[in-house]
Structure formats: structure tokens, C-alpha cells
Number of protein chains: 4
Amino acid sequence: MLNRVILIGRLTKDPEMRYTPAGVAVTQFTLAVDRPFTSGGQGEREADFIPIVTWRQLAETCANYLRKGRLTAVEGRIQVRNYENNEGKRVYVTEVIADNVRFLESGNRDSGGSREEGSSGFSGGQGGNQGGYGGGSQGGGSRSGGSQKNDNRDPFSDDGRPIDISEDDLPF
Amino acid sequence: MLNRVILIGRLTKDPEMRYTPAGVAVTQFTLAVDRPFTSGGQGEREADFIPIVTWRQLAETCANYLRKGRLTAVEGRIQVRNYENNEGKRVYVTEVIADNVRFLESGNRDSGGSREEGSSGFSGGQGGNQGGYGGGSQGGGSRSGGSQKNDNRDPFSDDGRPIDISEDDLPF
Amino acid sequence: MLNRVILIGRLTKDPEMRYTPAGVAVTQFTLAVDRPFTSGGQGEREADFIPIVTWRQLAETCANYLRKGRLTAVEGRIQVRNYENNEGKRVYVTEVIADNVRFLESGNRDSGGSREEGSSGFSGGQGGNQGGYGGGSQGGGSRSGGSQKNDNRDPFSDDGRPIDISEDDLPF
Amino acid sequence: MLNRVILIGRLTKDPEMRYTPAGVAVTQFTLAVDRPFTSGGQGEREADFIPIVTWRQLAETCANYLRKGRLTAVEGRIQVRNYENNEGKRVYVTEVIADNVRFLESGNRDSGGSREEGSSGFSGGQGGNQGGYGGGSQGGGSRSGGSQKNDNRDPFSDDGRPIDISEDDLPF
DNA sequence: TTTT
DNA sequence: TTTT
């Protein structure tokens, strides 16, 4: 009926982009979101590590501009998939399917030489001291593809089986 | 950068639908949302009365299915318009531009004879024991029009001035 | 940094309440949330089944007033726990820790005789034709306990190990 | 029933803190939130200017650490106040009462010498490459005061009338 | 101007 | 009255 999630956190690693057999871009990353309280006796702050999935144009933008450690806002919905693993046991996977991603930090902090930034490919434009735009489906006509009928499978399941999406299944 | 509102409340009156000169449907209603606490000494609960605006297909669905008193969930963004009134003073208007509306109560409570239901026209389908659907842009390809470039004017300003929206301004 | 979830859906079963060894009430239920689109060829609508956890006073209210099938709004945060299962494999559990629950349907639909309503115990007050209140921490001083330092364990792990929460760990 | 707002934007000015006669801190600022689309012909991006109000401890933290231009996340609820102005006309004021504020940018960008930063006093700790914390009532026991019974008056109405809050009205 |  |  209604399913809305908003998160702000940092990428635990660089995002990973793949393509489905039908050529649809899908990017996955994990957001570390600090909990709003400290636990245990010595006040260490814990975090939740929440897997994010984006599709199509937004996936490509995320792959291009997001990097490990970047502060990022994500808007989307919770999705629970389940599949049978190789021992015949049903496994549940919970992910946030994002339809709006905001880059709260740009890539050009000081210099571009940071070895942690990896093969960035980031080249300003929406960086600098302005919060960058990662697309998003709130606005007008952009079909962001965050909530498509094919987003219920695991694009990262390297289990040998091909992903059986035909062109007909795709919403464009 | 990010602007997300989620409300659950009850309509204070039946919704009002109009059309812009260009033929775009726009519906307005007010949601009474009880505050999460009681105030004053005798524990009376107050409410906020929040104006909602919907556009296009969603506007028509809301006009058809929503009625005074109905419990309703709204998702959207806050918008602040301002205009100069007839005394030359700037007036600020804050509204929630909805892109997703959920009908949490159907029209067919017991009988259809309730005099408070007005000229309902509602006839089940999404009522009953299922929360109804009011459209919404979260899902796939529906361009809900909740966030269009023309939603910054007051479709209800009956001040004599014609609404100057040309066809070119409209996002479809 | 920021972690906010809002869901509207229906309970898949009656809620289950337990107490931790320290006497803290904790209630678990699953919300079926219809997806905003249809999938497959024949347009069947799928749902996500999202586990919800509530603590303390809110847990007791939920156990008392929620029942299978009821339309319910939940506000909270995503939490990802992980533990090692009996085969030494790390298992990840994702839940929504609710700090605000709204009962969008009361128990007294027509008669009280519905066999599906179970041993309800619900007796109006916040029911009827008003959306009921399930507590919630937005408002004033109520310490809802939805986000406590002990909410990172599985209160339903019936794995023989006692839950090792000492009174000192509890936030009250 | 449910009233939740999440915003990310930039302060249009330094925040302003006052105290009620009863000594309660209240801070006001305006967030400029870019719209998710461009309007007009030449693609200029507009913004909504949304007034934010915070109370008590959160008010003091905001006054200390927020400055004009800073990227900031705000969580809260929409509140609509109304009062009669000096011409006897009823005026409606819509604000977001924040109960959680996240500082997405610290004050120590490069040097501390920026004249626009004002008399900051902010000196890292939660700045740098970590998103800072502005309190927030999501977590455990902190009574943030964002949603108190006295938040329905305008702490900034310099209209000569004293604010009539007695100590008894205050929630602490 | 307000809903239940 | 507005931020970047």
C-alpha cells in the first residue's frame, strides 16, 4: 500500500554495476547508516549496513559518481526477495530499491589523487559545494525504473543460471 | 535536494476538482491530521489542517473516490508559493503536492444511504477490506504529474485573472 | 545518520508478544505491503512481507489491538542484525524497528463474532471509525523504546541459548 | 494520525535562537530545497523556502552549529498555526517542527577564515568527513521537545504582546 | 472555514 | 527577504 524509505549514510565500498541479459543497468551498493544511539557500556556507535539497488539511468549515474565512503541520501522502498539456495533452503534477501539518490559529497575534496577514490571517472558538474543530483523519479517525466516488474530478482546472483528476462518483460 | 512528506488524516470536506485553461485536472483538499500529543490542561487533541494538491490522473481519481471524513494517506512534497495580494502584500502559501494517495477507507461502509457521503459516485472495486489505490508515481511508468513545472500556481485563485498557462508549458 | 521507514500494509498473522528475561515486552509481526505495480504477464499484484519489531509499551499496545489482516501504518527504522547459525554460517536479518504504529482499522467491523479476529480483547476506545493510536515516540514524553540499545537481538530466536540481557543493560 | 517530513537543503541565513519567557530555547531557520525539476523555458531550477522550528536542546545545537549555506537534513512534522493579524485577518503559518537535524557539512571546509561563516565557534569533532549529529528524538531517552504542547505559538512574533506561557505549561 |  |  505504501512503502517509503529514506536513508542517509556512507558507501561501504565502490558501487558495482552490472547489466541484465536484456541490457538493463543495475547498480548495487551498501550504505552504512549510524544508529541514533550508542550501545554497550563504552558508548561505541553501531551502524546498520543496508543493501541498495538502483536500476537503469539512475544505476549508471550512481556507478559513475558514487564512491566508497561518500555521504549519500537514498529514497526508495523496501523489497524482500526470497529464493531457494543450493541446499534447498529458502533464503530471504531484503534490499532498498532506490528511486532517488542524492550525492551529498562530491568527489573533488582536495585533490583528485586520493588512492581510495579508485578509478573515479567523476568529473564535476554536480560536485563542488552543491549537493549533487542522482536523478530520481520525483520529478516530471523521467521513468526512473526503480520500481519495475523485473526488480525482484537478484542481479548479483552468480549462481550459474542465466537471468531469464526477455526483452518483452522490460518496461521500456 | 530532497523533500518528502507522508501524511495520514481525514478530509475536512469533499475534494474540489478544476481544470486549467490547458485542460489539466487539478484537485485540492485539506487533510486534518491529529497531532501526536494533547495540549492545554484538559487534554483536548488538536489537529493540523494541511492543504493537498494533486494533478492530472491522480487528481481525477481523488475527485472520484475521496469524500469528506475519509481516512487517507498522502505522499508528496512541500511546496511554498507566494504571490502579491490585492493590497500589494506578498502572501505565502504552503501546500503538499501529492504524487501518491491511498484511500484507507472505502465508500461502502454499510449501506450507500449515508447522507454524509454526499453525491459519492464511488462504487467499490478498490474499497471493501482492501486499502484502495489512488495511483501514485512510485510505480513504473505512470507519469503522475505531481511534480510538474506548472504546479507552482494556485489553480484555485478566483481572483479574476485568467490562469496564464500556455499549452507549451505543460509537460505532456 | 538518518534512517526512516513508513509502511502501510496488513498483518499476515496475529502479532506475537514475548518478554525478555529482564521483563521487557517485545512484539513481532509481519506486514504485507502490496507493491506499487503489477508484474508478470497476467497482472497479479505482488507484496513484500516485512518483519516489524516493537518494544515496551508500544509492544503491548500492538499485541492487544492488532490482529491478522488489519490495515496498519508503521513508522520506524531499518535494522540489520546478523548472527552465526548452527552450521557456522552468518545469517542476516532485516527488520523494521517501529516507534510509531497506527491502527487504521478497528476490531469492531460489524459484529464481534468473526472467527478470524481471534481472541481479540479489543474493546473500542480508539477503534470505531477513528484511526486508532498505537502510541509512538513522535509526541511528547513517551519513551517508546523503539530504538533502544537492546533492540539488536532477536527476541524470537528459540535456539536454546538464553537471552543475555542484564537489568543494567536496559534503558529504564 | 501520521505526519512525517524529511528535507535536505541549505540554510538561507544563519539560524536565530530565542528563549520563551519560561526559558525554553527555540531556534528558527529557513531551508532552501531545490525542486526536483526545472521550470520555465531556460531550465532554471527553483527552490522551496521552508521554515523550520526546533525546540530545547536541539534548538541550541542548531544555533551553535548551523550556518547560512550549510547542507542540512531535517526530520519533523508539518504544523499549521493561525493567528489574527493587526487588521483582524486570520493568517496561516506553516512550519516544519523538527525533531531530528543532521549537519551534512561541517564548518571547517578549508580554513576558518571565511567571513561568511560568521562567529561560528564550531570546531570539528562531528565535522570533517563524518556527517554531524544534531540530536534527534529517534534514539533512546532524549526528550527532544520537538513536539511539545507549546510549539503552537510563534516564538518570533515581535508584536508587543508577551508570550503567555506559564512554567506549568512547559513539558519539563 | 475544518476531520473523527 | 532567500541557499548552492
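Note that these values count all heavy atoms, side chains included, but never hydrogens, waters or copies made by symmetry. Note on naming: letters A, B, ... go to the chains in the order of the sequence lines (proteins, then strands), and numbering restarts at 1 for each one.
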For [X] and [N], what is the distance between atoms [atom1] and [atom2] respectively, to the nearest whole Å?
X: Phe103(D); N: dT3(F); atom1: CZ; atom2: P; result: 20 Å
X: Arg35(B); N: dT2(E); atom1: CZ; atom2: C1'; result: 13 Å
X: Leu11(B); N: dT2(E); atom1: CG; atom2: P; result: 16 Å
X: Arg67(B); N: dT4(E); atom1: CZ; atom2: P; result: 14 Å
X: Leu104(A); N: dT4(F); atom1: CG; atom2: C1'; result: 13 Å
X: Lys89(D); N: dT1(E); atom1: NZ; atom2: C1'; result: 14 Å
X: Lys13(D); N: dT4(F); atom1: NZ; atom2: P; result: 13 Å
X: Leu31(B); N: dT1(E); atom1: CG; atom2: P; result: 19 Å

**Message:** Quick one: does any side-chain atom of Asp48(B) pair with a main-chain N or O of Val80(D) as donor and acceptor, under 3.5 Å?
**Reply:** yes
From [options], nucleotide with atom closest to [X] side chain:
X: Thr12(D); options: dT2(E), dT3(E), dT2(F); value: dT2(F)
X: Arg90(B); options: dT3(F), dT2(E), dT1(F); value: dT1(F)
X: Arg10(B); options: dT2(F), dT2(E), dT4(E); value: dT4(E)
X: Thr30(D); options: dT2(F), dT3(E), dT1(E); value: dT2(F)
X: Lys68(B); options: dT3(E), dT1(F), dT3(F); value: dT3(E)

**Prompt:** So does Arg70(D) get a side-chain nitrogen or oxygen closer than 4.0 Å to the phosphate oxygens (OP1/OP2) of dT3(F)?
**Reply:** no
**Message:** Let's go through Val74(C) and Asn100(C) carefully: what are the C-alpha distance in whole Å and the side-chain angles of both, what is the deciding distance for side-chain contact (heavy atoms from CB on, under 4.5 Å) to 0.1 Å, and is it a yes or a no?
**Reply:** CA-CA 6 Å; Val74(C) 161; Asn100(C) 192 8; over 6 Å; no
**Request:** Sequence neighbours left out, what passes side-chain contact (heavy atoms from CB on, under 4.5 Å) with Pro15(D)? Give chain and number order.
**Result:** Leu11(D), Thr27(D), Phe29(D), Leu66(D), Arg67(D)
**Message:** Applying side-chain contact (heavy atoms from CB on, under 4.5 Å), can you list everything that pairs with Ala73(A), at least two apart in sequence or on another chain?
**Reply:** Ile8(A), Arg102(A), Leu104(A), Leu2(B), Ile8(D)
**Asked** Please walk me through it: do Thr61(B) and Phe103(B) pass side-chain contact (heavy atoms from CB on, under 4.5 Å)?
**Response** CA-CA 10 Å; Thr61(B) 312; Phe103(B) 309 151; 4.0 Å; yes
